[in-house]
Amino acid sequence: MKSKLIKTLGIIALLFSNNYSNAQVTTQWGPDGYVKIENNSGGFIANLESGDRFSRDHDQAGDINGDGIIDLVVGARSDDDGATDAGAVYIIFMNIDGTVQSNQKISATEGGFTDILNAGDFFGYGVAGIGDYDNDGIPDIAATASGRIYIIHLNNDGTVKDFVKNENINSQGLSAIGDLNNDGRIDLVACQSTSNAGGNQRGAIQILFFDSTSNVISSSTVTISSTQGGFGTGLQDNDRFGGREVAMLGDIDNDGTKELAVGAFMSDGGKGAIWILSLHNTTFNVVSKLKITEELNGFTDTLTTGANPNGTDGAQFGHALSKVGDLNGDGVPDLMTGANQQNEGWGYVLYLNSDKTVKTFTRINNTDGGFGLVLDPVERFSRSISFVGDLRGDGTVAVNYGGGAGGTGTLYLLFLNPCDFDQQPGFNRWSGGNILFTNWNHNTQTVTDPLSFEQCTFKAFETDATYMTYNYNDSRCICMDSTAFLATSTEFSTAFSNECYSGVLSTNLIESDTKNQLIIYPNPTNSKLIFKTSQTSFSERDRIQLFSIIGEQLYSSSINSEKTTVDLSHLPHGTYILTTSINGIQKTFKILKE
């Protein structure tokens, strides 16, 4: 009896020790609105036609026009300028709110591009931002066409200064992977998912290095397939290894080699898969690999099978990939991907372990992720993905997802905001109040659908919950409103406050630094919103703006006094984004209109 008691006390002590040692603020990157960029929407005016396939590939291209804001390069592979499906590329100059300021088209007939594009060349099938290749101070781009890759040196208005045509390179997608060989130039991966190396459409990738004249160094090209590059066994016919984009993750397992994520979107009968490849430091051949797919290496979601409306099969998981940094604060880079044929198209954030397996995941679609997306049943959302970075200059990050039913094409620019979940010390739970989400059946004392901590935080985002209770032992997740109160948990649950909740956020809107002190109140509000600053002198560049959650500007005014009042009484209930700029310092706040 005594030994059993000692053992029980030891377990309890261990639990309490773990809980208190983990008591901290946990930062999770969650949804902070989106902008839909398509023909005549989001500021994009381009006269797109049905079938142009705008946004089949895209990338951030750096600040091309020198206004301090990241710009984009977007392909429209089936544009008909000059010939049917000759293709086109758009340079999109952005506003900080994610809307389009202006754009420049590059095609057989526009933008100063002088090479001949023929029917079926699909110029812009793959595009990538490559930095300043010709050292003129203006970022440049790469774009594919049938059997060739162009390095396009740009003018700062987005037109073509000159270009270099690299021939005899096939590619159905293109990715910039950073400076792999440390020569000062960004390197590229040509995705060759239709390659027959080793078998019918098993797929391949080519790692391409360029010299100072923007020409491919053919002798340095590294091909990875069933038959080359050290990949070895694992690929089957019709796997389509290479996908549309790859993602350079860096050395996630700290063994001195860099990891490259490559999709094989028709693997396993169309379900799709992702291969994490560890590359040798000098040969860049594969030294080890790991496959991620349904019920393998930590990915537990169910992927669809069977015929799709466009004649393909399966979910096509891994069709597109993008590195996104560490989104759950565990020190390991994470990965965005998608299953673009799963229902309307599902995006995924894969939170990785240091051994390259999947720790957990969250979904982005019509019902999950908290963005409030409204996608067509055949949208094919997530068929292309690219990381933009801190577009707004406020600490958030932007990620582009391609989609669009009907073939014209749509780009969804999603903002992710770092959100603090403050852990209450000890074992506590939120009691009383209104339950907004729960996977805990109180009657049977069981969890109906276990969720990871990351998945639970997204339920808090989706329901705009003030408080969250999570149990690390049984994976219960309970999200509650602001009327809940703290109570002791006898089941070793942990209580968190969601600092991105619209109501709680108002307590955090006093931001102090050496230059300004800002306060916005009341938040939530049902009519007027008051903005105060300690600043006493203002310039014509000091402004306050209000946007809808999808990026539509609703109000804009200069700041010329210590107190500014914004009238929201005419606006419908919902969430809005307020941005302020004083002395070049930009701040962004989430506002709730009751």
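The first residue of the sequence shown is numbered 1, and numbering continues consecutively from there.
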Any pair with a residue in residues 38-66 that passes salt bridge (Lys or Arg N to Asp or Glu O under 4.0 Å), sequence neighbours left out, goes on the list, sorted by first then second residue, please.
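Non-adjacent pairs meeting salt bridge (Lys or Arg N to Asp or Glu O under 4.0 Å): K36-E38.
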Quick one: salt bridge (Lys or Arg N to Asp or Glu O under 4.0 Å) pairs with a partner in residues 74-89, sequence neighbours left out?
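Sorted result for residues 74-89: D79-K105, D81-K105.
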Just to verify, what does [X] make a side-chain contact (heavy atoms from CB on, under 4.5 Å) with, not counting sequence neighbours?
X: A261; result: A247, L249, I274, I276, L321, L335
X: T159; result: Q104, N155, D157
X: T367; result: N365
X: A320; result: E245, I385

Do [X] and [Y] meet the criterion of a side-chain donor-acceptor pair at a distance under 3.5 Å?
X: Q28; Y: N328; value: no
X: S382; Y: H319; value: no
X: Q101; Y: D71; value: no

Is any NZ, NE, NH1 or NH2 atom of the basic residue among R148 and D121 found under 4.0 Å from an Asp or Glu carboxylate oxygen of the other?
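Answer for the salt bridge query: yes.
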Charged N to carboxylate O under 4.0 angstrom, D32 versus R392?
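Counted as a salt bridge, because a side-chain N and a carboxylate O are separated by less than 4.0 Å.
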Not counting sequence neighbours, which residues clear salt bridge (Lys or Arg N to Asp or Glu O under 4.0 Å) with D301? List them please.
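Per chain and number, D301 pairs via salt bridge (Lys or Arg N to Asp or Glu O under 4.0 Å) with R363.
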K165: which residues meet the salt bridge (Lys or Arg N to Asp or Glu O under 4.0 Å) condition with it, sequence neighbours left out?
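Expected list: D115.
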Under the ring pair (Phe, Tyr, Trp, His ring centres under 6.0 Å) rule, collect the residues that match up with [X], sequence neighbours excluded.
X: Y351; value: none
X: F458; value: F461
X: F415; value: none
X: F123; value: F113, Y150

In sequence, state the C-alpha distance, the side-chain angles, and the governing distance for D313 and K271, and then conclude on salt bridge (charged side-chain N to carboxylate O under 4.0 Å, His left out).
CA-CA 8 Å; D313 293 318; K271 287 186 176 183; over 6 Å; no
